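Have a look at the structure below before the remarks.
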Amino acid sequence: MLPIILHTRRFPPKKFIAITLFPFIFYNSEQLGDTDLRHETVHIWQQLALLIIPFYILYLSFWIIGLIRHKSLLKAYKNIPFEISAYKLESQHNTKKITQAFHWVKCIKKSLS
C-alpha cells in the first residue's frame, strides 16, 4: 500500500512535520525527508492492519492515558505505542521491517512504564 502524499501549507500545524490520515500523508515543510516518510508509512501500515477506525480509537485512548499519567502533551505523544514503534522502525531501509504493522504491540509495556 503506497500512501498518497500531499504537501499543504496549513496542515498539519507548524510544530508537526507530517501527519497520516489513511491513506494520506500530509506535510507542510519544504520537503518530506526519507526518515519522516518511513515514519509516516509505518502509521499507514498500522492503520491498515487495524482496519483504520480501531487504530484511531486506540491511538486516542493511549494519548489520553499518557496525558493523565504525564500531564504533558509531548510526553503523552511520545508514549503512544504506535509512535514508539514508528520511531524505532523509521530508520529501517528494509521494507519488511517498516510494514510490521503489529510491532507496536511490543511497545505497549514501554509506553506504560
Side-chain angles (χ1 to χ4, degrees):
M1 169 76 207
L2 292 175
I4 300 166
I5 303 169
L6 299 172
H7 180 256
T8 61
R9 291 180 187 219
R10 291 185 169 72
F11 185 76
K14 291 284 182 206
K15 44 179 144 168
F16 299 98
I17 295 169
I19 189 167
T20 299
L21 300 170
F22 187 86
F24 303 100
I25 295 174
F26 297 94
Y27 73 100
N28 61 14
S29 59
E30 289 298 314
Q31 189 173 357
L32 186 62
D34 291 341
T35 302
D36 297 320
L37 178 58
R38 285 191 298 270
H39 179 100
E40 298 305 325
T41 301
V42 169
H43 290 317
I44 288 285
W45 286 99
Q46 292 167 342
Q47 292 171 22
L48 189 59
L50 289 171
L51 304 175
I52 302 157
I53 300 299
F55 168 87
Y56 292 111
I57 293 168
L58 283 169
Y59 192 100
L60 183 60
S61 299
F62 284 123
W63 183 77
I64 290 169
I65 291 167
L67 194 56
I68 292 166
R69 291 184 77 217
H70 302 289
K71 296 180 180 31
S72 161
L73 295 172
L74 183 59
K75 284 185 181 178
Y77 163 78
K78 292 280 189 177
N79 280 286
I80 297 170
F82 298 111
E83 294 299 339
I84 295 169
S85 175
Y87 280 111
K88 284 183 179 182
L89 295 175
E90 73 184 11
S91 62
Q92 298 293 322
H93 295 278
N94 181 339
T95 306
K96 286 187 179 183
K97 296 257 185 186
I98 292 174
T99 59
Q100 291 180 11
F102 289 98
H103 178 267
W104 66 272
V105 174
K106 298 176 187 175
C107 302
I108 291 174
K109 187 175 180 182
K110 181 174 185 196
S111 78
L112 298 174
S113 60

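Numbers for residues simply follow the sequence, beginning at 1. Keep in mind it's a predicted model, so treat the numbers as computed, not measured.
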Check: Under the criterion ring-ring contact (aromatic ring centres under 6.0 Å, His included), which of Phe62, Phe82, Phe22, Trp104 is the partner of Phe55?
Finding: Phe82
Hey, could you give me the [atom1]/[atom2] distance between [X] and [Y], rounded to the nearest 0.5 Å?
X: Ile53; Y: Leu58; atom1: CD1; atom2: CG; answer: 11.5 Å
X: His93; Y: Lys97; atom1: NE2; atom2: NZ; answer: 13.0 Å
X: Leu60; Y: Trp63; atom1: CG; atom2: CH2; answer: 7.5 Å
X: Ile80; Y: Lys75; atom1: CD1; atom2: NZ; answer: 15.0 Å
X: Ile25; Y: Leu2; atom1: CD1; atom2: CG; answer: 9.5 Å
X: Ile57; Y: Leu50; atom1: CD1; atom2: CG; answer: 10.5 Å

Test item: side-chain donor near acceptor, [X] and [Y], under 3.5 Å:
X: Tyr27; Y: Glu40; result: no
X: Gln47; Y: Tyr56; result: yes
X: His7; Y: Glu30; result: no

Item checked: Working for side-chain contact (heavy atoms from CB on, under 4.5 Å), residues Lys78 and His70 -> CA-CA 10 Å; Lys78 292 280 189 177; His70 302 289; over 6 Å; no
Please report the closest heavy-atom contact between [X] and [Y], naming both atoms and the distance.
X: Asn79; Y: Ser111; result: O-CB, 2.8 Å
X: Ile98; Y: Arg38; result: CD1-CD, 3.3 Å
X: His43; Y: Ala86; result: CE1-CB, 3.6 Å
X: Ala49; Y: Ala101; result: CB-CB, 3.3 Å

Answer with yes or no whether the hydrophobic clustering places [X] together with [Y]; edges join I, L, V, M, F, W, Y residues whose side-chain heavy atoms lie under 4.5 Å apart.
X: Leu21; Y: Leu51; answer: no
X: Ile68; Y: Leu73; answer: yes
X: Ile84; Y: Leu89; answer: no
X: Phe16; Y: Tyr87; answer: no
X: Val105; Y: Ile65; answer: no

Is any side-chain heavy atom of [Y] closer than 4.5 Å to one of [X]?
X: Asn28; Y: Pro12; answer: yes
X: Thr41; Y: Pro3; answer: yes
X: Lys106; Y: Ser85; answer: no
X: Trp45; Y: Val42; answer: no
X: Leu37; Y: Ile5; answer: yes
X: His103; Y: Lys88; answer: yes
X: Gln92; Y: Gln100; answer: no

Note to self: Between Thr99 (side chain only) and Thr95 (backbone N and O only), is there a donor and an acceptor less than 3.5 Å apart?
What the structure shows: yes
Next item on the list: Decide if atom CD1 of Ile17 counts as having more than 12 heavy atoms of other residues, nucleotides or ligands within a radius under 6.0 Å.
Entry: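 No - once you tally the heavy atoms of other residues, nucleotides and ligands closer than 6.0 Å, there are 12 at most.
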Note to self: A quick test of your reading: do over 12 heavy atoms of other residues, nucleotides or ligands sit less than 6.0 Å from CD1 of Ile4?
What the structure shows: yes
Margin query: Using the rule given for side-chain contact (heavy atoms from CB on, under 4.5 Å), can you reason through Lys71 versus Leu67, listing the C-alpha separation, both sets of side-chain angles and the distance that settles it, and then say yes or no?
Written below: CA-CA 5 Å; Lys71 296 180 180 31; Leu67 194 56; over 6 Å; no
